[in-house]
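Structure first, commentary second.
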Amino acid sequence: MERFPIIQIIDEEGNVVLPEYREKLTKELVMTMYYHLIRTRTFDRKCVSLQRQGRIGTYAPYEGQEASQVGSALALENDDWLFPTYRDHGATMTFGHSLVRILLYWKGRNEGCVPPDGKKIFPPSVPIATQLPHAAGAAYAEKRKGTKNAVIVYFGDGATSEGDFHEGLNIASVFHVPAVFFNQNNQYAISVPITRQMKTKTIAQKALAYDIPGIRVDGNDIFAVYFETKKALDRARNGEGPTLIEAVTWRYGAHTTADDPTKYRDQEESKRRRERDPIVRVERFLKQIGWWDEQQIKAMQEKVQAEIEQAVAEMEQFPEANPADMFDFVFATPTWTIEQQKQMYTSWRERA
Amino acid sequence: MERFPIIQIIDEEGNVVLPEYREKLTKELVMTMYYHLIRTRTFDRKCVSLQRQGRIGTYAPYEGQEASQVGSALALENDDWLFPTYRDHGATMTFGHSLVRILLYWKGRNEGCVPPDGKKIFPPSVPIATQLPHAAGAAYAEKRKGTKNAVIVYFGDGATSEGDFHEGLNIASVFHVPAVFFNQNNQYAISVPITRQMKTKTIAQKALAYDIPGIRVDGNDIFAVYFETKKALDRARNGEGPTLIEAVTWRYGAHTTADDPTKYRDQEESKRRRERDPIVRVERFLKQIGWWDEQQIKAMQEKVQAEIEQAVAEMEQFPEANPADMFDFVFATPTWTIEQQKQMYTSWRERA
Amino acid sequence: MTTTVKTNTLTLVQAVTDALRTMLREREDVLVLGEDVGKNGGVFRATDGLQAEFGEDRVIDTPLSEAGFTGAAIGMAVNGLRPVVEIQFLGFIYPAYEQIMTHAARIRSRTLGHFTVPMVIRAPYGAGVRAPEIHSDSTEALFTHMPGVKVVCPSTPYDAKGLLISAIEDPDPVLFLEPMRCYRAFREEVPEGKYTIEIGKGKRVREGEDVTVIAWGAMVPVAMKAAEEAAKKGINADVIDLRTLYPLDRELIVESVQKTGRTVIVQEAHATGGVANDLIALINDECFLYQKAPVERVTGFDVPVPFFSLEDHYLPTPDRVLYAIEKAVTF
Amino acid sequence: MTTTVKTNTLTLVQAVTDALRTMLREREDVLVLGEDVGKNGGVFRATDGLQAEFGEDRVIDTPLSEAGFTGAAIGMAVNGLRPVVEIQFLGFIYPAYEQIMTHAARIRSRTLGHFTVPMVIRAPYGAGVRAPEIHSDSTEALFTHMPGVKVVCPSTPYDAKGLLISAIEDPDPVLFLEPMRCYRAFREEVPEGKYTIEIGKGKRVREGEDVTVIAWGAMVPVAMKAAEEAAKKGINADVIDLRTLYPLDRELIVESVQKTGRTVIVQEAHATGGVANDLIALINDECFLYQKAPVERVTGFDVPVPFFSLEDHYLPTPDRVLYAIEKAVTF
Ligand SMILES: Cc1ncc(C[n+]2csc(CCOP(=O)(O)OP(=O)(O)O)c2C)c(N)n1
Ligand SMILES: Cc1ncc(C[n+]2csc(CCOP(=O)(O)OP(=O)(O)O)c2C)c(N)n1
Ligand SMILES: [Mg+2]
Ligand SMILES: [Mg+2]
């Protein structure tokens, strides 16, 4: 633990505790961050409410984790790769994913897995930790092609128990690839607390098993997340290999809308955690420094609202899923069994 | 590395370098160790020669690793569990496995997987690292039953790259079970050197990822292996949880008799390594201390030879494998498909 | 003398809990482990209340580590316990595939019976509940092609309890598949306490002479619905709920197909490589001269189980089954 | 105009090396990775000399980590490379099963074709070479029941090279199974340079009218031997080498079975859940009225592939096949 102290740039009151960062916190940067923080939070809440109304399916909220997701995604360059989980649409939307497509994903539509042109955003990995080896391989390909692109891959505290976590990190370290392994330690894997997930007090220390840098940041401090991720990405680009980052955070809500957290944890805890809210913290900072402009903030909120409403409307007007898609994209050229099944099904439907 | 120095009790010249152990090295203990060292080596060489003569199948030799296997196995109590790999029959025979059965194993006989009565020796795990979770589970069962029994599980340097290594250790650490994870780092996984297997310089440091003790011993120093394994087993029995031990060693020969090491490594290296031979070292110690008794040693060698010849003879007189066995032990009660296939096959053979 | 057995009206998932509770009470060596099975009571509440009753040592929340805890359960089973492992969804069993395939299934034969693995792996399976990707697989055939493991798949609360108890008492590994779609679909009277249903025995759930309809798990209600529709058209179907997928109930299947000469199999999984093809092979072997028509299959397609917006198009429906019944009967 | 193509007399394993070398030369994006594929040239020498020619960045020794390097290869394939992964023995593919099942097979359909996985997984498979346990599995059916993956299994050097080149050029994941028993069993003239054999096409390796014998991989020589014996008894077998297990060559199979009306399938794998049952299902669908006898299967048994002292009892033999041929013909 002592070896892996939590890096913090602003504390819960919004004070800059690492003064050397003070001047790096330009107004433009901080306002951009704040914008994405409220954009992601607004979107998340909208999704929860859409799910309650039955307008999308089961949804995995990230409220509380916005600093981790936004801060790390803002640290990326345009040509980098992003490998998310099902809970990282805060990161993908910040990196440039389309809101409509994210909504479609939660509506059970494959279109939700297709990133905007030129954006290297992989579909969310549902089987836990399986995306870590992918990230190692994609980073190897960038290295082989001689680019300066890096790869970031997201995963949770629970994911660290899977073999793929270990194999992915080991391979990345042996192949010395430009990848950042970004862990959001929200301290729960559904109902299982981190104390039953691992004996170690930190996730960062697992980097010692691969002889790569292990960094532990306050995942509710967007500045710490942003600068540490940037450093790790820079190391990656400079041929210094992979980094493991542990962002210590908390999800306020349920694991998914199908989950009932009252079954396994004290709801008071999540309320208390709001004291360390990643957004409130930036607001305090903005107010202290005198960059808080009620008008501007209001305009920002309205813009975000409008964008999200627009996306929801588009999602709901999106053409219905076409059963043919299920057959047509299994292989580049469908096999005869698939072709035959498609024809049978199509003619059967037409008959009925 | 500094954090995980190699523990040595005697050096290559046979000098005791940790004087506090001097009096623990009783003549009885050292002679027992020496006996098992030559017994295991003689057996190994016999097996290689049996394979060359086509009297057994492909065989995995361990010459060079005897101190690791014998030292650790001697540290066990009678009721402990032993989970070996295909290369650990030096350990299993020391722990009490039957030589005949070990030979039968290499002759493609299931009888080789059956330990002597009351001996908790698991069959060698062929799929790499899969035995680590078994050991964690077996240890959990001992804990639940409230015994003082411990579990030892063997695996190689290559095995550390598998997900099951990680999952086994993580579960063992979280469940705090009485298990010792005994790694023989012979520095190669078939042809792959440890430098391409992992970025870390040690395997012991991987214990930090599970917050358990990580010990690095000279695997060619049977005293160091024995005492460190005993300490780890004691911790296990006392409810102090699992330990990871890395025994640094070297296999002189081929990966298996089907392997050609000249393809991938300099054979001079293995010759040089004989300078650090685990047996020579004990011989030097015995001579220095004046316990070397030519007569006694000769008798010991003869006894070992006779025992092995006897085992080979028994192996070769062993009744032929019965095809019915293949059908009869899949389930406690064969299913009808198996019963039907057995009948068909039996009647077909009788007809032919 | 009459004995009255108290019954409760339970859903399938409640019957599973009841079976687990019954066996945890009955046998000290039984334990339950998996992700979220403890305080949370499982994501489907299949283990609800069990940790409170039996403690953290017997109802164990494991790390997120299917290979690890399945492997650990193998070690426990070899060492005298009877672990019941929960895989959260069948689609997440694949990381444990090596452990099941190379160890759970083979330890008995490897050691000529010296070591054995009396363990149960429970897994909810199947599509139709609007779950995210990978949560909807029905890949039972990956386990029927694995000598050393039995595969059980009940479709009703009563069968679920009796079969799960049999599975726990079985001396060999049993994969116990629970059709998610049936978890809360209906309730049934389920006796209290212990009773067993023999593994390897199917059940005729409807009697008829015109055509044999074979289904399992979530496809049983689909098949039944189709059979009822067919009855309205004067076609009388013999409907079989397989209940066990390995070993198959040869007698029941053969007897029915020899009687009707026409067969429809309803399978949720992909056509290629599915259990339906084992049934066709059995019919080929035992009913060749009785067959009046080729066997009709109504199956999921040879495509990954689609995202939920399309899953209803993937799943066999009563209409599709009815169509196949008519085809078989009019051949 | 005549073109002369130079040929070399190669074993199957040499033909594999030749295919890899040809494609490594031809395409910068091709790379080979796996355990011991580098300096050692693979435990069967299938990659002999390739690292020396193409460097450590293209012929990569990986850590002992099947899930990890298969997953990494998926990431490479998605990002523009064409990895050819070697699994040392098919019995060690199981730790990578999740990666193949949930990703390699599904990334194209998941993303409606936006991301694709042009990768090949090569694996020696099968029994009969006196290898230790788990080294002898023939579990191809676990992959034919996995939509999104093609499964190829050549039995000759010529086919091995042409099919492997096709697999490498295929835009989708291909599992390429190499029958260990045929690795050095015989040699054949193999053209230098690049040529392809279409995936999905079987080959008639013997012409006959009395009975269709279908086999693949190491069972092809067994089937041929039986067919030759049968010929001596006046039974003329049409022998088909499937070459691809998914998708099956429907035309060839159906045409042959409709011609002969009698079928024998020779399969090394366990009977239950094997590819033979897919063939029976196909015959059921397409040849019902042509069948003069039930399909005969000669297969491995529903038991784990035994330790090598008993493997000859497990494996189908020409005698057993001949017996089945006679049974089919005299039904
Ligand atoms: C291989 C696998 N096993 C189980 C699941 C079911 N599951 C979905 S999310 C989850 C918990 C993940 O926890 P963590 O990694 O901490 O991520 P978080 O959900 O907290 O973001 C589980 C067990 C899964 N998706 N994949
Ligand atoms: C899962 C799996 N993959 C591959 C193999 C093939 N194989 C057998 S031994 C071996 C190397 C093992 O190296 P290490 O763990 O260092 O043990 P050692 O052989 O050196 O004792 C490999 C790759 C296997 N047995 N299991
Ligand atoms: Mg978490
Ligand atoms: Mg080694």
Side-chain angles (χ1 to χ4, degrees), chain B residues 81 83 109-115 117 120-127 129-145 149 151 153 162-175 177 179 325-340, chain C residues 28-29 31 33 57-58 60-81 83 95-96 98-99 101-103 105-116 118-119 147-150 170-173 199-200 244 246-251 278 282 285:
Chain B
W81 277 90
F83 288 80
R109 296 293 297 269
N110 292 79
E111 287 82 355
C113 294
V114 183
D117 265 1
K120 297 184 237 160
I121 301 174
F122 208 65
S125 271
V126 171
T130 50
Q131 71 277 21
L132 277 74
H134 304 163
Y140 185 90
E142 291 299 336
K143 185 175 160 181
R144 223 188 106 55
K145 295 186 220 163
N149 305 332
V151 171
V153 54
E162 291 280 11
D164 274 4
F165 161 81
H166 173 67
E167 298 192 30
L169 274 161
N170 187 54
I171 285 180
S173 72
V174 171
F175 291 177
V177 297
D325 285 356
M326 152 173 99
F327 299 103
D328 291 347
F329 292 101
V330 184
F331 295 101
T333 313
T335 60
W336 68 263
T337 58
I338 295 176
E339 207 44 71
Q340 189 184 55
Chain C
E28 265 296 310
D29 54 2
L31 39 83
L33 66 159
D57 283 358
R58 293 187 65 204
I60 310 167
D61 273 325
T62 62
L64 216 175
S65 175
E66 287 82 3
F69 67 72
T70 303
I74 291 169
M76 293 173 187
V78 160
N79 196 6
L81 302 180
E98 179 185 38
Q99 283 290 350
M101 174 59 125
T102 68
H103 291 297
R106 303 197 205 202
I107 285 173
R108 179 187 289 276
S109 60
R110 176 177 300 151
T111 65
L112 303 172
H114 183 84
F115 292 116
T116 61
M119 79 188 274
V149 170
K150 295 176 188 165
D170 197 279
D172 288 304
I199 292 176
T244 295
Y246 184 86
L248 291 169
D249 187 341
R250 177 174 49 161
E251 284 74 31
D278 289 341
L282 175 61
D285 289 354

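The basis for the numbers below is simple: all heavy atoms, side chains too, and nothing from hydrogens, waters or symmetry mates. Each chain gets a letter, A, B and so on, in the order the sequences are listed, and its residues count up from 1. Since this is a predicted model, take the numbers as computed values, not measurements.
Proximity to chain B involves both the backbone and the side chain of C:T111, based on heavy atoms less than 4.5 angstrom apart. Looking at B:F331, the atoms closer than 4.5 Å to chain C (heavy atoms on both sides) sit in the backbone and in the side chain alike. If you measure heavy-atom distances from B:K143 to chain C, you find no contacts under 4.5 Å at all. In this structure, chain B has a heavy atom under 4.5 Å from the side chain of C:D172, while its backbone stays farther away. Using a 4.5 Å cut-off between heavy atoms, B:V174 contacts chain C through its side chain alone, with no backbone atom that close. Both the backbone and the side chain of C:L112 come within contact range of chain B, each with at least one heavy atom under 4.5 Å from a heavy atom of that chain. With a 4.5 angstrom heavy-atom cutoff, B:N110 touches chain C via backbone and side-chain atoms both. For B:Q340, the part lying near chain C is the side chain, with the backbone staying farther off; criterion is any non-hydrogen pair under 4.5 Å. Contacts between C:D61 and chain B at a heavy-atom distance below 4.5 Å involve the backbone alone (N, CA, C, O).
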Tell me which donor-acceptor pairs under 3.5 Å the side chains of residues 63-71 of chain C have, and how far apart each pair is, sequence neighbours excluded?
residue, atom, partner, partner atom, Å
C:S65, OG, B:E167, OE1, 2.7
C:T70, OG1, C:E66, O, 2.7

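The shortest side-chain heavy-atom distance between C:H114 and B:C113 does not fall under the 4.5 Å cut-off.
Expressed to the nearest 0.5 Å, how far CD1 of C:I74 lies from CZ of B:F122 amounts to 8.0 Å.
Taking both residues in full, the closest heavy atoms of C:T62 and B:F175 are given as CG2-CZ, 4.1 Å, listed atom of the first, atom of the second, then distance.
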